[in-house]
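These figures come from a predicted structure and were not determined experimentally. Sequence lines set the chain letters: A, B, ... in the order given, protein chains first and strands last, and positions in each chain run from 1.
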2 protein chains.
Amino acid sequence: MKTAATELLDIEAPIFAFSHCRDVVAATSKAGGFGVLGAAWMTPEHLEQELKWIDDHVEGRPYGVDMVFSSTATAVDFKETPRELVPEENRRFINELMDQDGVPPLSEEDAKGWYAEYARNLAFSPEASEALLDVALRHPVKLVVSALGVAPDHVIKRVHDYGAKFGALVGSARQAQKQVAAGVDIIVAQGSEAGGHTGEISSLVLWPQIVDAVAPVPVLAAGGIGRGRQMAAAIALGAEGVWCGTIWLGTVESELAPDMRDVLYAAKADDAVITYGYTGKPCRAIRSKYTEAWKRSDAPKPLKAVPMQSILSGEPFRRAERAHRKDWMTYAAGQIVELVNEPVSVKTVIYDMILEYAEAMDRLSQVNED
Amino acid sequence: MKTAATELLDIEAPIFAFSHCRDVVAATSKAGGFGVLGAAWMTPEHLEQELKWIDDHVEGRPYGVDMVFSSTATAVDFKETPRELVPEENRRFINELMDQDGVPPLSEEDAKGWYAEYARNLAFSPEASEALLDVALRHPVKLVVSALGVAPDHVIKRVHDYGAKFGALVGSARQAQKQVAAGVDIIVAQGSEAGGHTGEISSLVLWPQIVDAVAPVPVLAAGGIGRGRQMAAAIALGAEGVWCGTIWLGTVESELAPDMRDVLYAAKADDAVITYGYTGKPCRAIRSKYTEAWKRSDAPKPLKAVPMQSILSGEPFRRAERAHRKDWMTYAAGQIVELVNEPVSVKTVIYDMILEYAEAMDRLSQVNED
C-alpha cells in the first residue's frame, strides 16, 4: 500500500497504533505500521525511560509520541495535596456508593498516595507539555501528535526544525482547519465511535468532511477501526491511513492488568458509552457501576476544570482495582471493543487487518465488474 | 454494479430511497435505484392514493413500501379525542414555553383538528398495519419493509405468497438475527448516525457485525450515507447496497414545506441530535427550541407509550409551522443532513453518488497498486 501517510513517514502499511504501552508501539513499527506512544499522563522521567526502551527494541523503525497541548488546562499547584483540590462532596458521593456496594475502602495511606502519584501525571499545563517535548526530542521520534488543542507556533516550529512531522487529533472540520492553519502536517480525524474524548459526528460522516476541508493535507481515520473492512472503508472515504487505539488494549503486548482485560474482552459495542465521570469531558469508556453512578439524578456535576475529574476518578479506580471489583472498573475504549476478545499479538492484529483489507478489495472488484 | 440486492430486486444500482414522498420513490426507481414509500403514518385511503400515483409514474420499475409492525404500540381508541389521551401537564409545558417565546397559539379549532387528523395517522396497532398491507398488496410492490418490530409469521408468509420480498430495519446484530429467524429476506442495518429512531452503534462498527451475523442474507447499509464515498465504504464493509433517507429530504421531488427545507439546508452534521421529544423513543432530528425544551430540568418525562409523544408533538409542530417559526421546527434527519443544501433532483443525487463511488474505486486501485 502506498498513501500520502506511508510516504510522509516512510512506512509499509498506513496503520497507526496509539498506545500507552511501549511494547505495542515498538511491535507496531516493527510490523511495518507506525506506533505512537501516548505520553500525556507521563512524567518526563517516565517518558525518558519508555522512549529509551523503544529505541532499544524498535530496530530503527519510525515511531511517534502523542501529548496534550491544552491551553484550557488548569495549572495544578502540586505543592498542595491534590485531594484537597477536589470538592469533598464529589469524593463522598462516589465513595459512599462504593461503600454501599461492599467495595472495601482504600487505606488512608493508599488513598493519599494515589492522589499524590496520580496528580503528578496529570500536569497538562503548557510547561508540563514542553517538558515532555524536551524529552521526546532527545529521541528519534518522527511524529509528534497533539491529542488536544492547537500547539503554540514555537512548539510546532521546534518539532519541524528537529526534522519530525506534527500531527493533531480532531473531531470536527473546523478544528481540522485550525490545526492546518497552525502548520500541522497530518490530521487524525476521530469519529464519535472512538474511545476516549470524542465528538458527536460519526466516522462515516466526519472523515470525508475533514478530508475535503483540509486537502491536500493527509488525513488519518480514527474511531471505529479494528479490522480490515473498516480500514478499506476509511481509504474509500479518502483517508490516507488508519489510527487505532482500542484494538491494541487486549493484545499480548498491552500492559493492561488481567481484571481490566477481562472487562474489555467481555464488552460489546454498546457497552462503550459516553461518560462525563472519567475526565469531566465527554469520553467513551466501558459502562460500569462507576459510569452509571455519574448519571444518577443525585450525582454532583462532574468537575469540568481539567484535570479535576481525572484526579477525582483515580481514587475509585484504584479502589475497584485493589478489590478486584470488575463491576466498578472502566477504561476508555471505542465501540470496536467488541472485537477485543483474546490476547493476540500486535503483529497478528496487523496481519489480519491487512488480510481482511485485501479481501474487501477483492469483493469490491467483483461488485464493480458487472 | 452487481450485488445480491440488485439481483434480488432486479435493479441497476443498489441505492434504496426511503421516503414519505411518492415522487422521490418513483424518481429513484426510474433512475435505476429502488424507491421505498414510508407508509407508517398513512391511512389506508392515503396509501391507496399514493401507490396508484406511483404505479402511474414509475414506468414499471420495481418499488416497495415500509411500515411498522410493532407489537408494543398502544392501541389508541380513536373514538376518544386524542388530545385527552395526552397528559395535560405535558401539553402545558411545551405550549407555555412557546407562549413565552412569542409563538402565536393555534386556534382552538386548529388544535382540535390537528389532534383528530394526526392521531388517525398514528394507528400503529397490528390491525392498522395489516390494513395498510391489504392496500399495498393490491399494487405491484416488490418489497415490504418492517421499520420497527418483527412481523407476525402470517404477515411475512402473505408477502412471500404474493411474490414480494420482506425486509426489516435493525440497529443491532441481535435484532437482525431475530428478523432472519422470522424469515426476512433482506436486512437494513442502520447505524446511530441515521435520522429517525436509532440505536447507539455507529454504522462503521454495526454494518460488518450484522453482515457477519446474518450471512448469507444480504444487508443494506443505512445511516450516514449521502454520497458516493460513503456508498463505497458500505460495500467495502460487506453491504450489498445502501439505504438512504435524509439525502432525499431536500430534493426537488420532496414534498417538504419551504420553511422546513430552509431548516434542513442550514443544518450541520452536529445539528442532527438525539431527542426523546419527537416520539418518546431516541430519535435523531434537527436541533431546535423544541428538542432543547425536552432536555430542560423542568421538562416532564417524554411519554414512552407509543404513539403518545408523537401525538403530543403534533400540536407544537403545527404551531411552529403556522407561525413560520423555524427556530421551533424540527424534522427527523441524520448526520449527513450537512450535505442537504439545495433543491437538486433525485436523479442528480443518484448520478453524483455513482460518480463519486467510481472515483473512490479509482483511488482504492491507486493505493493498492504499490
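The line from CD of A/Gln335 to OG of B/Ser192 is 6.0 Å long, rounded to the nearest 0.5 Å. Rounding to the nearest 0.5 Å places OG of B/Ser202 at 10.5 Å from CD1 of A/Ile336.
Residue with the most contacts toward chain B among A/Ala239, A/Ala358, A/Gly334: A/Ala239 (heavy-atom pairs, distance under 4.5 Å). The choice from A/Gly238, A/Ser203, A/Ala173, A/Gly191 that makes the most heavy-atom pairs within less than 4.5 Å of chain B is A/Gly238. Contact count versus chain A (heavy atoms, under 4.5 Å) is highest, among B/Pro208, B/Ala360, B/Ala234, B/Ala272, for B/Pro208.
Of the atoms belonging to B/Ala4, not a single heavy atom falls under 4.5 Å from chain A. For A/Thr3, the part lying under 4.5 angstrom from a heavy atom of chain B is the side chain only.
Environment of OH in A/Tyr276: sparse, with no more than 12 heavy atoms of neighbouring residues, nucleotides or ligands closer than 6.0 Å. Atom OH of B/Tyr351 sits in a sparse spot, with 12 or fewer heavy atoms from other residues, nucleotides or ligands closer than 6.0 Å. A 6.0 Å sphere centred on CD of B/Glu200 holds no more than 12 heavy atoms belonging to other residues, nucleotides or ligands. By the neighbour-count criterion of 12 heavy atoms within 6.0 Å, atom CG of B/Asp10 is sparsely surrounded, having that number or fewer from other residues, nucleotides or ligands.
Smallest separation of non-hydrogen atoms from A/Val205 and B/Gln230: CA-NE2, 3.8 Å. When all heavy atoms are compared, the tightest approach of A/Leu204 to B/Glu193 is CB-OE2, 3.8 Å. Taking each heavy atom of A/Met1 and B/Asn368 in turn, the nearest pair found is CG-OD1, 4.2 Å. When all heavy atoms of B/Arg229 and A/Ala236 are compared, the closest pair comes out as CG-O, 3.3 Å. Between B/Ala232 and A/Leu364, the shortest heavy-atom contact is O-CD2, 4.2 Å.
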When the side chains of residues 217-228 of chain B are checked against the rest of the protein, which donor-acceptor pairs come out under 3.5 Å, sequence neighbours left out?
unit_1   : atom_1 : unit_2   : atom_2 : d
B/Arg227 : NE     : B/Glu356 : OE1    : 3.3
B/Arg227 : NE     : B/Glu356 : OE2    : 3.0
B/Arg227 : NH1    : A/Asp212 : OD2    : 3.4
B/Arg227 : NH2    : A/Asp212 : OD2    : 3.1
B/Arg227 : NH2    : B/Glu356 : OE1    : 3.0

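Legend: side chain to side chain donor-acceptor pair (under 3.5 Å) pairs involving residues 232-247 of chain B, not counting sequence neighbours, sorted by first then second residue: A/Arg363-B/Glu240.
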